[in-house]
Q: 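Can you keep this structure in mind? I'll have questions shortly.
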Amino acid sequence: MNKSSRHAIGMALALAAQPILAQESPTTMANEATSSTPAESGNDPFIWLEETRSVPALSWVRSENERVDQTLGTDPRFAALKAEALAILDSEDRIPFVSFTPFGLLNFWQDARNPKGLLRLTTLESYRTDNPQWETVLDIDQLARDEGREWVYHGMSCLPPDGRRCMVGLSDGGKDADELREFDMETRSFVEGGFLLPESQGDASWIDDDTLLVSRDFGEGTLTESLYPYTTRLWKRGTPIADAPELFRGEPTDVSAGANLLRDSSGTIQARTAYRGLSFHERAYYLQRGDEWVRLEMPEKSALFGIVDGHILFSTDVPWTTGGSTFPADSLVAADLEEWKADPNGAAKSLVWAPGERQTKQGAAITANSMFVNLLDNVRGQVLRFDYEDGAWVSRRVPLPENATVNVSASDDESDQILYSVTDFLTPTTLYYSDGSSVPEIIKTSPARFDAAGLEVEQFEATSSDGTQIPYFLVKPKGMVMDGTTATLLSGYGGFQVPRLPGYLGTTGKLWLERGGAYVLGNMRGGGEFGPEWHQTAIRENKQRTWDDFIAIAEDLVARGITSPEHLGIQGGSQGGLLVGTAFTQRPDLFNAAIVQIPLFDMLRYHEIGRGASWIGEYGDPRIAEQRGWIEPYSPYQKLAEETDFPTPFFITSTADDRTHPAHGRKAAARMSQMGQAYYYYEDMTGGHSGGVDNDQRAKLLALQNVYLLQQLMGGSGLHEEEQARP
């Protein structure tokens with residue numbers, strides 16, 4: 001990972017709520033609206049819930065949250081489930097993942113004593129021990145207390161090669177938008193009078209000690225329809241940002257646009273590049289030559305991949321014909337760096353790597369002398385090392401365990417030091433280290449969080465409606481009787497070329513599998529498990545294929561006797577929330593539980609809500625009649641009908657989510673309430689799209705979800721009788 005990239009630590013997708021007051025829900029007033037089919041904004045009785053923090057909307061949210069607290073939250077199993085989840089999330093013996101910096105190994109850590117987190121450093125020698133000695137760099141909890149803000153750490157971007165000057169991202173409540181502040185790694189403090197950028201989308205990159213490349217919200221006329229920046233400025237220290245000269249400008253119709261710095265592994269700037277996001281999946285690229293921006297003759301579904309061994313590398317999602325050669329989709333292509341800088345569109349291109357059948361790459365890491373590419377082969381991971389030797393590209397497979405999910409966890413620009421993580425559903429994560437010349441050795445192992453002795457993993461394929469074979473993984477008790485009685489949770493995503501891969505189940509293992517449940521992970525078209533074509537065959541006019549694939553997996557589970565509709569639940573977040581929404585509205589007979597997290601749901605208005613317009617490349621534009629014709633047949637919000645017997649869904653959103661916006665889940669719940677349908681709705685008042693701001697919030701939401709699943713799928717009271725049909 002280049003040191004100019006932000007230091008980011010993954011968080012669990014879990015949301016929770018702050019204490020709330022009991023108030024009458026304003027849904028009652030809205031229920032008196034005459035329309036019952038919210039096909040257009042003009043007759044949608046719940047459009048007022050799109051106002052994120054209006055008094056009526058938040059009053060409704062608090063009422064719904066209290067109802068969940070008084071139903072799911074009072075289940076006798078809730079306290080134990082939350083305690084089990086929190087023990088795992090706060091465990092002191094979990095692996096502290098790190099990144100390499102000139103100051104040592106950097107880690108972001110959250111636990112019971114530090115719920116908002118510590119940014120801290122250690123040495124490699126100390127990290128190798130069972131009890132590393134850490135030095136605190138930045139205490140987010142203390143900063144939040146001092147400033148009275150709900151700060152969530154968003155990572156830092158530092159100036160290579162010494163890494164002293166950094167811009168730290170801080171989000172108030174977990175929104176994608178954040179504030180950027182200059183931080184000094186030597187003094188471990190924010191720089192008084194240093195660079196400061198107020199809350200916005202966008203980023204800042206260091207050019208030198210006194211200059212930033214800034215893409216932010218600069219006021220009226222600088223954000224796209226998708227609410228992302230499309231201008232970039234050069235900001236000199238000591239000058240007002242308003243006076244900073246503009247370096248690059250896209251178009252307001254772009255998804256986003258901006259200028260970037262192309263650095264080699266030493267941190268040297270080799271070029272300034274820019275892009276225009278024509279859609280979520282398509283970009284136009286430019287190279288600055290003098291005062292001119294030259295458009296690069298690259299496919300719009302391709303990307304600049306990085307600099308390795310004096311070459312600029314490209315990745316393409318579609319076949320690319322250039323210079324008399326055609327490179328296949330998903331391949332890596334190279335050009336001599338100096339030749340490319342002199343003549344970017346005329347430089348000769350050569351093939352570095354092309355995928356085999358059912359193979360796809362999943363990103364790369366670059367060290368001082370090599371490139372390491374994460375590869376999926378039939379949804380199983382491996383890492384390839386690439387070097388340019390004697391005029392040719394040579395690849396070698398890194399010796400790591402097979403039949404597992406394998407990733408580069410961290411890499412060092414100044415040496416060939418590298419860390420790999422290896423895991424699967426039942427095996428805790430193991431961290432491997434290599435200095436670049438040695439075989440990777442185990443350096444850290446996470447303890448088991450649940451009893452996996454009686455469990456096994458199998459991979460099956462379901463036949464979708466058009467005959468395509470769709471793989472899925474099943475985690476189940478050994479010797480399970482195939483009589484349809486096993487409570488089963490089916491999860492998936494199926495969008496944006498994002499793969500869902502086997503990974504240690506941790507809290508799911510403890511809270512669900514240990515209680516006798518089975519777990520299924522689907523690999524539907526639309527995701528990235530088998531490369532760009534697997535994605536592109538299920539977008540826009542063909543998006544229904546994703547929903548068909550998911551339903552086919554559910555039907556296959558029933559046909560094999562693994563489970564039955566009475567015991568089958570589904571779960572997904574964001575695009576996965578839309579997946580779950582389409583599934584339970586298209587096949588309500590097939591499921592008895594549906595956890596709909598941070599979802600898209602009203603697909604006829606999604607372009608108007610939050611940053612929905614940025615995803616038109618995935619779904620289409622409902623303002624265009626032909627494209628509306630693709631979307632309207634599956635938009636879940638419009639499919640909520642009074643006469644249909646739906647399973648009881650559990651909608652989960654976040655007030656601070658400025659990406660998919662809580663309005664989707666809010667309106668779905670309000671509509672079900674209007675129709676007298678049973679449902680749960682819970683909205684975390686902080687946390688944003690990525691999850692709660694601390695482990696206690698995450699544990700609470702995990703406990704609520706598992707209580708819900710136990711009630712719905714393993715027998716139990718479900719909703720209290722008086723709650724079955726709310727006014």
Side-chain angles (χ1 to χ4, degrees), residues 10 12-14 358 360 362 376-381 403-407 421-429 449-450 452 455-464 468-477 480 486-513 517-530 534-535 538 546-558 560 562-563 567-580 582-583 590-591 593-597 702 705-706 709 713:
L13 181 63
R358 292 218 143 187
T360 183
Q362 293 294 308
L376 286 182
D377 192 337
N378 199 26
V379 204
R380 304 289 185 174
N403 297 321
T405 297
V406 181
N407 286 296
S421 64
V422 179
T423 187
D424 60 36
F425 290 118
L426 304 180
T427 306
T429 300
R449 303 302 180 190
F450 64 95
L455 298 170
E456 62 184 357
V457 180
E458 295 187 69
Q459 189 176 26
F460 296 106
E461 288 189 340
T463 303
S464 195
T468 303
Q469 297 299 297
I470 309 302
Y472 66 90
F473 292 97
L474 168 66
V475 185
K476 68 178 183 66
M480 184 182 82
T486 301
T488 302
L489 178 62
L490 167 59
S491 177
Y493 188 76
F496 295 95
Q497 205 172 318
V498 174
R500 287 290 308 276
L501 307 176
Y504 189 58
L505 289 173
T507 54
T508 298
K510 186 67 178 177
L511 277 61
W512 181 246
L513 295 176
Y519 176 80
V520 177
L521 177 62
N523 299 127
M524 295 76 61
R525 286 172 292 180
E529 291 86 353
F530 300 107
W534 192 250
H535 166 245
T546 303
W547 324 141
D548 290 343
D549 293 353
F550 194 60
I551 289 169
I553 294 172
E555 291 175 330
D556 197 65
L557 293 170
V558 173
R560 293 179 188 271
I562 294 166
T563 191
H567 301 292
L568 178 56
I570 48 179
Q571 179 181 33
S574 195
Q575 145 71 24
L578 173 60
L579 173 73
V580 171
T582 58
L590 196 51
F591 312 103
I595 298 177
V596 190
Q597 295 173 285
L702 286 169
Q705 292 175 73
N706 280 274
L709 291 172
L713 304 181

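Note that the coordinates shown come from a computational prediction; the quantities given were computed from them, not determined experimentally.
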Q: With a 4.5 Å heavy-atom cut-off, do Trp547 and Leu578 have their side chains touching?
A: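 They are in side-chain contact.
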Q: Is there side-chain contact between Ile595 and Leu709, with at least one heavy-atom pair below 4.5 Å?
A: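 Yes, at least one pair of side-chain atoms sits under 4.5 Å.
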Q: Looking at Asp424 and Leu426, would you say the former's side chain and the latter's main chain have a donor-acceptor pair under 3.5 Å?
A: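 Flag set: sc Asp424 to bb Leu426 pair under 3.5 Å.
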Q: Measuring from atom CG of Leu505 to atom CZ of Arg449, what distance do you get when rounded to the nearest 0.5 angstrom?
A: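 Answer rounded to 0.5 Å: 14.0 Å.
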Q: Partners of Gln497 by side-chain hydrogen bond (donor to acceptor under 3.5 Å, both in side chains), sequence neighbours excluded?
A: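 Counting only residues at least two positions away or on another chain, Gln497 forms no side-chain hydrogen bond (donor to acceptor under 3.5 Å, both in side chains).
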Q: Please tell me if the side chains of Ile562 and Met480 come closer than 4.5 Å, counting only heavy atoms from C-beta onward.
A: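 A side-chain contact exists here, since the closest heavy-atom pair is under 4.5 Å.
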Q: About how many Å separate OG1 of Thr405 and CG of Leu501, when rounded to the nearest 0.5 Å?
A: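 Answer rounded to 0.5 Å: 5.0 Å.
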Q: Please enumerate all residues that pass side-chain hydrogen bond (donor to acceptor under 3.5 Å, both in side chains) together with Thr468, with sequence neighbours excluded.
A: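 So Thr468 forms a side-chain hydrogen bond (donor to acceptor under 3.5 Å, both in side chains) with Asp466, Arg525.
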Q: Do the ring centers of Phe550 and Tyr472 come within less than 6.0 Å of each other?
A: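 Ring-ring flag for Phe550/Tyr472: false, centres at least 6.0 Å apart.
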Q: Considering all heavy atoms of both residues, which atom of Ser491 and which atom of Tyr519 are nearest to each other, and what is their separation?
A: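 So the two residues come closest at CB-OH, 3.6 Å.
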Q: Compare all side-chain heavy atoms of Thr360 with those of Trp534 and state whether any distance is below 4.5 angstrom.
A: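 When only atoms from C-beta onward are counted, Trp534 and Thr360 do not touch, as no gap falls below 4.5 Å.
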Q: Taking all heavy atoms of Gly572 and all of Val580, pick out the closest pair and write down the distance.
A: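 Heavy atoms of Gly572 and Val580 come nearest at N-CG2, 3.3 Å.
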Q: Listed by chain and number, what are the side-chain hydrogen bond (donor to acceptor under 3.5 Å, both in side chains) partners of Asn403, not counting sequence neighbours?
A: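 So Asn403 forms no side-chain hydrogen bond (donor to acceptor under 3.5 Å, both in side chains) with any residue.
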Q: Between His535 (side chain) and Gly527 (backbone), is there a donor-acceptor pair under 3.5 Å?
A: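 No: the side chain of His535 does not pair with the backbone of Gly527.
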Q: What pair of heavy atoms forms the shortest contact from Ala462 to Ala552, and how long is it?
A: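 So the two residues come closest at CB-O, 3.6 Å.
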Q: Please report the closest heavy-atom contact between Asn706 and Leu702, naming both atoms and the distance.
A: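 Shortest heavy-atom separation between Asn706 and Leu702 comes out as ND2-O, 2.8 Å.
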Q: At what distance, to the nearest 0.5 angstrom, does CG of Leu713 lie from CZ of Phe591?
A: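 Answer for the CG-CZ pair, Leu713 versus Phe591, is 11.5 Å.
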Q: Is the shortest side-chain heavy-atom distance between Thr507 and Trp512 below 4.5 Å?
A: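 Result no, sub-4.5 Å side-chain heavy-atom pair not found.
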Q: Looking only at non-hydrogen atoms, find the nearest pair between Pro471 and Ile553 and report the distance.
A: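 Scanning both residues, the minimum pair turns out to be O-CD1, 4.3 Å.
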Q: Check Ala538 against Gly526 and note the closest heavy-atom contact, atom names and distance.
A: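 Shortest heavy-atom contact: CB-N, 3.6 Å.
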Q: Run His567 and Thr486 through side chain to side chain contact (heavy atoms under 4.5 Å, CB included) and show every step you take.
A: CA-CA 6 Å; His567 301 292; Thr486 301; over 6 Å; no
Q: Does some side-chain heavy atom of Thr546 sit less than 4.5 Å from a side-chain heavy atom of Gln575?
A: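 Result yes, sub-4.5 Å side-chain heavy-atom pair found.
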Q: Any chance you could lay out the side chain to side chain contact (heavy atoms under 4.5 Å, CB included) test for Phe425 and Leu455, step after step, and finish with the verdict?
A: CA-CA 10 Å; Phe425 290 118; Leu455 298 170; over 6 Å; no
Q: Do the non-hydrogen side-chain atoms of Leu579 and Met524 ever get within less than 4.5 Å of each other?
A: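 Touching, per the 4.5 Å side-chain cut-off.
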Q: Got Gln571 and Leu490 here, is their nearest side-chain heavy-atom distance under 4.5 Å?
A: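 They are not in contact (no side-chain heavy atoms under 4.5 Å apart), so the answer is no.
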Q: Could you measure the distance from the CG atom of Asn407 to the OG1 atom of Thr423? Nearest 0.5 Å is fine.
A: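 Asn407 CG to Thr423 OG1: 10.0 Å, rounded to 0.5 Å.
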Q: Charged N to carboxylate O below 4.0 Å: is that the case for Glu529 and Arg500?
A: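 No, this pair does not count.
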Q: To the nearest 0.5 Å, tell me how far Asp548 CG sits from Ile470 CD1.
A: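 Nearest 0.5 Å value for the CG-CD1 distance: 9.5 Å.
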Q: Say whether Gln469 and Thr463, considering side chains only, have a donor N or O and an acceptor N or O under 3.5 Å apart.
A: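 Yes - a donor-acceptor pair under 3.5 Å links their side chains.
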Q: So how far is it from Phe460 CZ to Asp556 CG, rounded to the nearest 0.5 Å?
A: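 Reported value, rounded in 0.5 Å steps: 8.0 Å.
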